[in-house]
Amino acid sequence: MAARTERARTLLDGLNPEQREAVITTEGPLLVLAGAGSGKTRVICHRLAYILAAGFCGPRNVIAVTFTNKAAGEMKERVSRLTGLDVRSLWVSTFHSAAVRMLRAAGNLVGVKRDFTIYDEGDSEALVKRIIKDRGWDPREEKPRHYAELISRAKDDALDPDDWLEKTFLHRAVAEKIYEVYREYEKRLARAGALDFGSLLLRAVKLLRHPEGKRRFGERFQYVMVDEYQDTNAVQYEMVRLLAAAHGNVCVVGDDDQAIYEWRGANRANILAFEKTFPKAKVITLTRNYRSTQGILDAASHLIGNNTRLREKKLRAERGSGSVPRLIRARNEYDEAEQVVRAIRTNLKAGAAKKDHAVFYRVHALSRVLEEVLSASGIEYQLLRGVSFYQRAEIKDVVAYLKLLVNPDDDGSFLRICNKPARGFGAKTLERLVAAATERNLSLMAYLRKCGEDRENRPAQRKKEAAFVEMLDELQSLLKKESVSIVVREVLERTRYLELYDQNDPEDLQRFENVREFLSAAQDFEESADEPTLAAFLERITLATDADDYDPSADRVVLSTLHAAKGLEFRHVFIVGCEEGLLPHGRALGEEADAEMEEERRLAYVGMTRAKDTLTMSYAFERRMYGQIQARTRSRFLSEAGIDDTSDWGGTERETRSFFVGRTPATLSGSRDTGIVGCGVLSEGDSVRHHRFGTGVVLYVAESGDENEVVQIRFKNKVKNLMTKFAHLTRV
DNA sequence: CTCGTGGTGCTTTTT
DNA sequence: GCACCACGAG
């Protein structure tokens with residue numbers, strides 16, 4: 001017992017008093033407000049480890065919920081290292097994986113059959129589209145994406161079609177249409193034995209309310225932990241509440257300033273609701289920032305100070321003052337990318353690694369130019385996100401075959417692949433088939449099996465259909481005796497799927513490669529999984545994302561959207577495209593878009609607080625967007641953050657613009673007047689004079705020597721970043 | 001049934 | 001500018 005206590009106590013070493021308090025407060029409800037860079041992950045892991053090491057309960061009585069599989073995996077790994085315990089029975093997972101796990105075990109209690117299929121967003125949208133078409137509506141008018149999104153939001157708020165109709169503020173006629181689609185959508189999901197992401201959570205909640213489910217899962221978990229709590233939606237909140245109901249030991253960790261997913265149903269006010277639901281909740285605020293220097297933190301704090309905040313907190317840098325954020329002004333997106341890359345190259349020369357750098361942008365579209373310029377410079381990079389591997393058409397096709405084997409009622413998968421390659425399921429045939437099956441409320445496969453015979457003649461057609469059914473039956477029987485990878489191989493073989501591809505077409509060749517990669521993923525899976533079934537494999541890939549692929553050890557510059565940047569940190573951070581309409585995004589600019597504007601601000605805040613040593617923001621005077629060149633205005637966030645543009649070189653915005661337009665960079669450099677310092681002359685500690693700011697001392701010189709040299713100078717009461725070529729500095 | 005073209009319409013996207 | 005989809009011609 002003493003040894004145990006001793007071991008638990010060492011877990012507190014190296015934690016600050018607040019962190020320590022959070023770790024040892026294991027009983028009762030606890031809300032940890034963790035500012036950016038305040039050691040949140042550390043607290044969560046140590047707290048989990050502490051509970052286990054102290055022997056308060058066994059691993060199977062703890063559940064920790066995070067938002068990505070990757071975060072979950074790392075957490076588990078870390079807890080294992082910290083405790084030396086076997087953590088296999090510890091539930092560390094995403095909300096969705098936890099839901100799946102419970103439903104696979106006891107879904108029958110709430111009407112979920114064992115072999116249910118999971119529909120991802122693409123599958124849901126495809127289903128919505130079929131419903132809209134079946135109604136005879138034009139999918140260009142009634143946009144499936146729009147409908148699918150509304151349905152998904154409704155589920156985030158736990159609203160069934162009737163609840164939703166009652167609550168919606170949309171125009172009656174519009175609302176009725178959506179209601180109709182939503183109802184039909186639910187009907188068809190049920191018929192297909194499928195659950196979408198929203199239903200997974202809703203069914204899990206239903207299960208936790210069921211007496212038997214409550215007994216099995218509600219009472220099992222003595223300790224509940226939730227990460228990124230500010231991004232939970234209403235249903236996830238309810239799930240947390242139910243999981244914690246029996247024992248009341250629930251710890252949620254979050255930061256309302258970093259809530260960036262309200263647009264998809266998250267509710268950052270859950271942070272306030274927590275204290276209402278658990279009136280005795282203890283609140284611990286972590287405000288010591290171990291990541292960034294004070295200069296960066298000040299800018300970020302200034303920015304976020306423009307929001308109305310739920311829980312205001314002031315972060316303090318533990319690392320000292322450091323440099324203040326820099327601003328890059330560029331003529332266009334190419335100039336912007338070139339300046340960023342130049343700055344990166346300067347850092348590389350000074351000994352920094354490529355992986356110490358990250359470039360963030362609001363929209364993926366901005367990555368292209370950066371990629372071009374990085375490639376041209378021979379600097380390796382890795383792109384976060386982009387189309388997920390598992391979202392590619394060819395992968396979804398193969399997956400659809402597999403899903404159909406596990407759950408033959410999955411009409412979505414059936415329709416996707418029944419005619420790939422062509423085997424007699426043309427448009428007309430399918431139309432008839434769907435109509436006949438719908439009439440009998442049967443899935444397509446069930447209809448083919450049961451009623452294939454009693455349809456009118458067409459013997460040739462029936463033969464083809466029978467062959468298809470037989471092929472799937474054979475594959476299905478393989479499932480019982482062969483491993484996942486062998487089944488995948490057989491599927492490719494027997495369906496002759498790969499014959500769709502032309503070996504001479506480079507795009508097809510890529511698809512071919514992707515399918516091969518998929519095959520090797522299947523192999524990896526069956527070698528490593530606890531339960532190497534096809535259903536488990538499908539589950540994993542449906543709930544997997546590309547975020548899970550980011551490799552922090554690879555020495556490459558990271559390109560990422562601001563959203564995907566959450567949770568990461570880099571020595572040198574660049575945020576490009578700081579322009580009105582981009583960051584903040586155009587959709588947040590309207591009169592009645594205050595909430596959106598605040599979310600944009602939080603997004604910028606998240607990006608800025610990723611930086612450890614230097615932060616550079618940039619904007620361009622013009623940029624090609626949607627195929628045309630547009631004049632751009634610098635983002636309001638820059639001045640809100642105190643990253644003051646105009647003062648950097650001593651002119652006004654208009655002067656800057658006219659100065660740039662029509663000039664090439666070469667004509668910009670150098671100075672005509674004697675006494676004015678040129679590039680490559682200054683070094684740290686030099687005293688200089690600026691015509692507006694007076695005299696100051698050079699703090700440091702970035703990109704020394706070339707025409708983009710930037711010097712940081714401390715004037716009487718402010719620190720400025722100036723470009724030597726514009727600043728017209730003289731020596732004192 | 002497949003291929004080509006033209007029209008459209010475009011944040012973000014943990015699961 | 002680009003990617004995706006629907007529709008029409010072959």
Side-chain angles (χ1 to χ4, degrees), chain A residues 65-72 93-100 118-125 129 133 138-141 143-146 148-149 152 155-156 195-201 204 227-228 230-233 235-236 258-266 333 360-366 368-369 384-388 390-391 393 419-429 500 502 505 539-548 550 560-567 577 581-589 596 599-600 602-604 606-607 623-629:
Chain A
V65 188
T66 65
F67 273 82
T68 61
N69 297 298
K70 184 170 191 266
S93 68
T94 61
F95 276 104
H96 293 83
S97 301
V100 168
I118 303 170
Y119 272 16
D120 67 16
E121 278 172 355
D123 301 327
S124 298
E125 198 182 312
K129 191 172 180 177
K133 281 184 166 174
D138 181 355
R140 279 172 307 191
E141 293 289 321
K143 298 195 186 78
R145 164 98 63 85
H146 184 221
E149 204 135 282
S152 176
K155 292 191 173 191
D156 288 335
L195 296 178
D196 60 15
F197 288 150
S199 314
L200 280 177
L201 301 180
D227 191 12
E228 305 284 14
Q230 76 281 354
D231 289 324
T232 51
N233 64 29
V235 179
Q236 288 164 331
Q258 294 186 67
I260 54 175
Y261 284 102
E262 295 216 305
W263 58 274
R264 65 187 290 175
E333 68 271 29
F360 301 142
Y361 33 77
R362 179 65 233 272
V363 296
H364 274 302
L366 296 200
R368 224 195 70 237
V369 178
L384 262 60
R385 292 289 174 288
V387 185
S388 164
Y390 295 110
Q391 307 278 42
N419 215 29
K420 277 182 196 173
R423 50 173 80 86
F425 290 95
K428 272 268 135 56
T429 312
L500 281 173
D502 174 1
D505 180 336
E539 218 156 79
R540 164 149 350 165
I541 64 184
T542 311
L543 298 179
T545 58
D546 272 12
D548 304 331
Y550 164 55
S560 162
T561 61
L562 287 159
H563 282 94
K566 195 167 75 168
L582 216 42
L583 181 66
H585 191 270
R587 295 245 181 143
L589 293 180
E596 284 87 345
E599 184 146 307
E600 294 292 309
R602 291 194 292 269
L603 196 51
V606 166
R623 182 183 297 278
R624 186 180 284 273
M625 293 188 83
Y626 300 133
Q628 28 192 1
I629 293 171

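Numbered from 1 within each chain, the chains take letters A, B, ... in sequence-line order.
With a glycosidic angle no further than 90° from 0, dT11(B) counts as syn.
Qualifying salt bridge (charged side-chain N to carboxylate O under 4.0 Å, His left out) partners for Glu599(A), counting only residues two or more places apart in sequence or in other chains: Arg602(A). With sequence neighbours excluded, the residues forming a ring pair (Phe, Tyr, Trp, His ring centres under 6.0 Å) with His563(A) are Tyr261(A), Trp263(A), listed by chain and number. Scanning for ring pair (Phe, Tyr, Trp, His ring centres under 6.0 Å) contacts around Phe95(A) gives Phe67(A), with sequence neighbours left out. Taking Phe197(A) as the reference, His96(A) meet the ring pair (Phe, Tyr, Trp, His ring centres under 6.0 Å) condition, with sequence neighbours excluded. Every residue two or more places apart in sequence or in another chain that forms a salt bridge (charged side-chain N to carboxylate O under 4.0 Å, His left out) with Arg368(A) is listed here: Glu372(A).
A distance cut-off of 5.5 Å between ring centres, combined with a plane angle under 30°, places His585(A) in a stacking arrangement with the base of dT11(B).
Among the protein residues, Phe95(A) comes within range of no part of the nucleic acid, since none of its heavy atoms lies under 4.0 Å from any strand. Counting non-hydrogen atoms under 4.0 angstrom, Arg140(A) reaches nothing in the nucleic acid. Within 4.0 Å of Asp120(A), counting heavy atoms only, lies no atom of the nucleic acid at all. Residue contacts for Glu149(A): at a heavy-atom cut-off of 4.0 Å it reaches no nucleic acid atom on any strand shown. Using a 4.0 Å heavy-atom criterion, one finds that Glu121(A) contacts the bases of the nucleic acid, with or without backbone contacts as well. Across all strands, Gly426(A) comes closer than 4.0 Å only to sugar-phosphate atoms, never to a base (heavy-atom distances).
Between Ile260(A) and Gln230(A), the closest side-chain pair of non-hydrogen atoms is not below 4.5 Å.
For the pair Arg587(A) and Pro421(A), nearest-nucleotide mapping onto DNA chain B gives the more 5' position to Pro421(A).
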Hey, what are the protein-to-nucleotides 4-6 of chain B N/O distances that come in under 3.5 Å?
none

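Note on Lys129(A): a side-chain N or O is less than 4.0 Å away from OP1 or OP2 of dA6(C).
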